[in-house]
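Input: a single structure, listed below in C-alpha cells.
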Amino acid sequence: MSQRVSLTQYLVEQQREHGLIPAQLRLLIEVVARACKRISISVNKGALGGVLGSADTENVQGEVQKKLDVIANEVLIEANEWGGHLAAMASEEMDTIYVVPNRFPQGEYLLMFDPLDGSSNIDVNVSIGTIFSVMKKPENGCGVEEQDFLQPGSQQVAAGYCVYGPQTTLVLTVGNGVAMFTLDREQGSWVLTQENVQIPADTKEFAINMSNMRHWAPPVKRYIDECLAGKEGARGKDFNMRWIASMVADVHRILTRGGVFMYPWDKREPNKPGKLRLMYEANPMAFLVEQAGGAATNGLQRILDIQPGQLHERVAVVLGSKNEVERVTAYHREDAAL
Ligand code: AHM
Ligand code: MG
C-alpha cells in the first residue's frame with residue numbers, strides 16, 4: 001500500500017461512503033483500539049513488567065485467572081467507561097455486566113470482550129489476543145440489564161480482535177468486509193495493511209485439539225479421520241494440521257490463508273456444548289469469518305443465528321473455509337438424522 005491509511009481515516013471513509021459508522025461507534029472502535037495498544041505494551045514487557053503468572057483468582061467459569069487476564073479486563077473497562085458511547089460492558093472475566101457508572105453519560109452501545117484470549121499461552125510467549133463484539137442496546141426504555149445482551153450474533157454492528165504476536169494486528173469488521181491494521185510502534189498508530197480479506201473456500205489445513213479425539217462425537221471423528229487418511233482416503237488429498245491454542249491466532253491464520261477451526265462438543269463435559277463462549281469468542285469470530293466469505297456453525301446451526309440464553313453461554317464452533325465448514329455441518333446433520 002503506497003499511501004498510509006490510519007484506522008481513523010478508514011473509519012471516517014466507511015462512514016462517508018457507506019454510512020456504517022455513526023460518531024459513537026467510531027469513538028467506541030477507536031477507544032478499543034487504543035486499549036489494545038496499552039494491553040500490547042504490557043504483553044511485550046512480559047517478565048520485565050511483572051505481568052506473567054497467575055492472579056490467584058478464579059473467574060465465573062471456575063478458570064484460574066492470569067495476571068494479564070485481569071490487567072487487560074481493567075484496561076478495557078477504564079478506557080471505555082467515560083466516553084459516553086456505551087451503556088454497558090460484559091466480559092469473559094466478569095460475573096455480571098458492567099453498567100457505565102452514572103457519573104458518566106450513557107451511550108447506545110453494548111460492548112462484549114474476551115480481554116486476553118489464549119491465556120494458557122501468556123507465560124510461554126506464544127501469540128495471544130483480545131476479542132470484542134459490539135451490539136446496540138435494544139430500545140426498551142432507560143436502564144440496561146443482562147437481558148439486553150442476549151441478542152443473536154447477527155445483531156452485531158462491529159466485531160474484531162487484536163492479536164499480540166510477532167506483529168500486533170487489529171482485525172475489524174463493521175459489516176462491510178474485513179480490514180487488518182498493523183500497529184506502527186514508532187508512531188503509535190494503526191495502519192491499514194489489508195482490505196477485503198477473503199478466506200479461500202477450500203483448504204488442506206485443519207485446527208483442532210487432537211488430544212481430545214477419544215471424546216469427540218462421531219461426525220467430528222469422521223471428518224478428521226478422512227483428513228488424516230490423506231491422498232489415499234476419501235478426500236483424495238493430504239491435510240496439514242495447526243493448533244496454537246489461542247483462538248485469535250488460529251483464526252488469524254485462517255483469515256490469512258484459509259483453513260478450518262473446530263472446538264466441538266465432547267464427552268468430557270457432556271452438559272456443556274463446547275469450551276468456547278458464544279458472546280465473547282464465537283459470535284465476533286463468526287461475524288469476521290462470514291464477512292471474509294467463510295462460514296461458521298455449531299455443527300448444525302449458523303452461529304450468528306443462535307439465540308443466547310445466558311451471558312456466559314458456551315457453544316461448539318466450526319469455522320473457516322466455506323466448503324469444509326459445510327462438509328463438517330453436513331456430517332453432523334446426517335448423524336442427527338440417524
Ligand atoms: P481462554 O479465553 O481462557 O484463553 O480460552 C479459550 C482458548 C482458545 O483461545 C483456544 O482455542 C482454546 O481455549 C484452547 O483450548 P485447549 O487448551 O483445549 O487447547
Ligand atoms: Mg478466550
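Counting convention: from 1, in listed order, for ligands and their atoms alike.
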Based purely on interatomic distance, does [X] place a nitrogen or oxygen under 3.5 Å from a nitrogen or oxygen of ligand 1?
X      : value
Asp117 : yes
Lys275 : yes
Met247 : yes
Leu116 : no

### Message
I'd like to know whether ligand 1 has Tyr280 as a neighbour, heavy-atom separation below 4.0 Å.
### Response
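Distance cut 4.0 Å: Tyr280 fails for ligand 1.
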### Query
Quick one: does Ser246 get within less than 4.0 Å of ligand 1, heavy atoms only?
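Contact check Ser246 vs ligand 1: positive.
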### Under-4.0 Å salt bridge between Asp225 and Arg222
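No salt bridge links Asp225 with Arg222.
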### Query
Which bit of Asn209 is near ligand 1, meaning a heavy atom under 4.0 Å away: side chain, backbone, both or neither?
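Side chain only.
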### Task
Mind checking whether Asp114 contacts ligand 1 via backbone (N, CA, C, O), side chain (CB onward), both or neither, at a 4.0 Å heavy-atom cut-off?
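Near ligand 1, Asp114 shows its side chain, while the N, CA, C and O stay back.
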### Task
Ignoring hydrogens and angles, state whether a donor on the side chain of Ser189 or Ser6 is under 3.5 Å from an acceptor on the partner side chain.
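Side-chain D/A pair, Ser189 to Ser6: absent.
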### Query
Mind checking whether Phe261 and Trp243 have ring centres under 6.0 Å apart?
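Yes, they do, as the ring centres are separated by less than 6.0 Å.
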### Message
Just checking Tyr10 against Phe181, ring centres under 6.0 Å apart?
### Response
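They qualify: ring centres under 6.0 Å apart.
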Identify every side-chain donor-acceptor pair in residues 82-90 under 3.5 Å, counting partners at least two apart or on other chains, and give the distances.
| unit_1 | atom_1 | unit_2 | atom_2 | d |
| --- | --- | --- | --- | --- |
| Trp82 | NE1 | Glu78 | O | 3.2 |
| Trp82 | NE1 | Ala79 | O | 3.3 |
| His85 | NE2 | Asn80 | OD1 | 3.1 |

#### Entry: Residue of the set Leu319, Ile254, Thr256, Val325 for which side chain to side chain contact (heavy atoms under 4.5 Å, CB included) holds with Ile199
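It is Ile254; the other options fail the test.
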